[in-house]
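Working notes, beginning with the structure itself.
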Protein chains: 2
Amino acid sequence: MTTPLVTILDDEPEIRQMLTEVLEDAGFRTQSFSRAREFEAALKHVTPDVCLVDLSLPDSDGLALVHRLALEQGAIVIIISGRAQVQDRVTGLELGADDYITKPFDPAEVVARIRARLRSTRSAPQAGNTAQFNGWVAHFDRYMLEDMSGVETPFSHAESEVLRLFLDRPKRLISRAQMQESLGGAAGESFDRAMDVRISRLRTKLREDPKNPRLIKTIYGAGYIFLGDVVWS
Amino acid sequence: MTTPLVTILDDEPEIRQMLTEVLEDAGFRTQSFSRAREFEAALKHVTPDVCLVDLSLPDSDGLALVHRLALEQGAIVIIISGRAQVQDRVTGLELGADDYITKPFDPAEVVARIRARLRSTRSAPQAGNTAQFNGWVAHFDRYMLEDMSGVETPFSHAESEVLRLFLDRPKRLISRAQMQESLGGAAGESFDRAMDVRISRLRTKLREDPKNPRLIKTIYGAGYIFLGDVVWS
DNA sequence: TCCCAAACCTTGCGAATTGTTACAAAGGAC
DNA sequence: GTCCTTTGTAACAATTCGCAAGGTTTGGGA
């Protein structure tokens, strides 16, 4: 949680190993994959903070993957590619990549660029206790949820855990497993039913339309995603 | 706030002019300076969103300036430098720069990188989770498909995967194999049947005429092709 | 200590989503 | 035409999720 998770997607074993080594020396957690399919399967269970993606993969259209990663996962996406043409770089960046590094590259620069991205905004685990989002204000110190018109509704501790988890990682998929872990849930019994209930109650406090929730979205078979523009203060 | 302000700090007049032109064509406001002193004076009155800084200035230690900019101004700082050594780049990034571009550079890439930085910093304007095509609007953030007359139909996550794949590569053949890979297709053999079903369901939501599909066309023995003029926004 | 209320979990079942099967229709080779 | 392969889709089955109702724990306060 404190150490960011970096995923590596590249079909060349030497590059995977080299990056893994350098990144772990730099203090990151890493996971590496050689195939896009493997990688996407893993995404159902973990949420990386940074994704290094090689565009020239044999089994997938890399750019489409980048597009999905940036939009759905909300992760920081850095393309590492052998294609050095300006046009490649521009389209990669426009499709949602946060950076574009051409091979051959220097490991130290990769680390520096990852740090630069992490430094800017989002990855910071929030220390504040008030968050604003889409007309709501959540006061975690008072366990109060403030309406657009100033009306306050109390929320419980269990609800605050879920809400904080969402507000810490907005617009990113959060798998059920991840939630259980984060919420101190014991190993998988029927605790997932309890989670449903927590989320259900949180939804009603946020006055979500059950048929068409706008803030807490369910991804069937994968987890939840919180859509909402969060500002901590 | 509507149009971001980009400042250019470079002692070569041609570069200043070239950047000014390109950036204004791209829709930014610009201000350019040839001396660090000038620039710092201007900072008392204006708050730039992005600062392009040439490190090799005659009258100032560029790195110190970068450091101050990043810390105090909270602006996005992009170094543009003739020094291409890895060590230069690493220290530049570590001192707070958000990006490092080496001369000679392509103007289009500068614009793309500025856009990428602005996108990741500004939390509010959800960049590009909507696509328009042939009278439809697909809202991937809300999982909604909007009619020409504004009527909205929800689509599921599985459907969104297919739709996104199509919208990412319009007017190009997409083979079945490619789809399976892209959609996290498990190793199942009868998965291609599931694929058909997904597409079938998507077709009904797009109100396609089964006898004469206009958007999702089947290429017998090869795959599918999505005809439609897609604009992401 | 007893009682109460709030918070939270568990149970159970209905609903939504998705994969699978079966069969019809379409396409192509001969 | 016949024969075989490929694709569309309706119907069914398996997961997965939402949520109401009831039970259990916790923490006061008298």
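Because only heavy atoms are used, hydrogens play no part in the values below, and waters and symmetry mates are left out as well, while side chains stay in.
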Task: Sugar-phosphate only, base, or nothing, as touched by Arg201(B) at under 4.0 Å among non-hydrogen atoms - done: base
Task: Partners meeting salt bridge (charged side-chain N to carboxylate O under 4.0 Å, His left out) with Arg207(A) (sequence neighbours left out) - done: Asp147(A)
Open item on the list: Between Ser156(A) and dC8(C), is there a contact of a side-chain N or O with OP1 or OP2 at under 4.0 Å?
Closed with: yes
- [ ] Classify the nucleic acid contact of Tyr224(B) as base, sugar-phosphate or nothing, counting any heavy atom under 4.0 Å across all strands shown.
- [x] sugar-phosphate
- [ ] Using the test salt bridge (charged side-chain N to carboxylate O under 4.0 Å, His left out), find all partners of Asp88(A) that sit at least two apart in sequence or belong to another chain.
- [x] Arg83(A)
Detail all sub-3.5 Å separations between protein N/O atoms and N/O atoms belonging to nucleotides 22-28 of chain C.
residue: dA26(C); atom: OP1; partner: Lys211(B); partner atom: NZ; Å: 2.7

Task: Residues forming a side chain to side chain donor-acceptor pair (under 3.5 Å) with Asp229(B), sequence neighbours excluded - done: Lys171(B)
TODO: Could you tell me whether Tyr143(A) contacts a base, only the sugar-phosphate backbone, or nothing, with contacts defined as non-hydrogen atoms closer than 4.0 Å?
DONE: nothing
TODO: Please confirm whether the backbone N or O of Ile8(A) pairs with a side-chain atom of Ser32(A), one donor and one acceptor, at under 3.5 Å?
DONE: no
TODO: Mind checking salt bridge (charged side-chain N to carboxylate O under 4.0 Å, His left out) for Arg201(A) and listing every partner two or more places apart, or none if nothing turns up?
DONE: none
TODO: Taking only the side-chain nitrogens and oxygens of Arg203(A), find out if one of them lies under 4.0 Å from OP1 or OP2 of dG18(D).
DONE: yes
Open item on the list: If you compare every side-chain N and O of Arg176(A) against the phosphate oxygens of dC17(D) (OP1, OP2), does one of them come in below 4.0 Å?
Closed with: yes
Task: Nucleotide nearest Arg198(B) when distance is taken to its side chain, options dT18(C), dA10(D), dC19(D) - done: dT18(C)
TODO: Look only at the side chain of Asp98(B) and the backbone of Ile78(B), and say whether a donor-acceptor pair between them is shorter than 3.5 Å.
DONE: no
Below 3.5 Å, can you tabulate the donor-acceptor pairs from side chains in residues 217-228 of chain B to any protein atom, sequence neighbours excluded?
residue: Thr218(B); atom: OG1; partner: Arg203(B); partner atom: NH2; Å: 2.8
residue: Tyr224(B); atom: OH; partner: Arg176(B); partner atom: NH2; Å: 3.1
residue: Tyr224(B); atom: OH; partner: Asp196(B); partner atom: OD1; Å: 3.3

TODO: Can you sort out the partners of Phe140(A) under ring-ring contact (aromatic ring centres under 6.0 Å, His included), two or more places apart, ordered by chain and number?
DONE: Phe155(A), Trp232(A)
Open item on the list: So, does Thr218(A) get its side chain near the phosphate of dT16(D), meaning an N or O under 4.0 Å from OP1 or OP2?
Closed with: no
Task: Axial bend angle, the helix from dT1(C)-dA30(D) to dC30(C)-dG1(D): five-pair end segments, nearest 10° - done: 10°
Task: Those residues that, when tested against Arg113(A), pass salt bridge (charged side-chain N to carboxylate O under 4.0 Å, His left out) (two or more places apart) - done: Asp99(A), Glu109(A), Asp99(B)
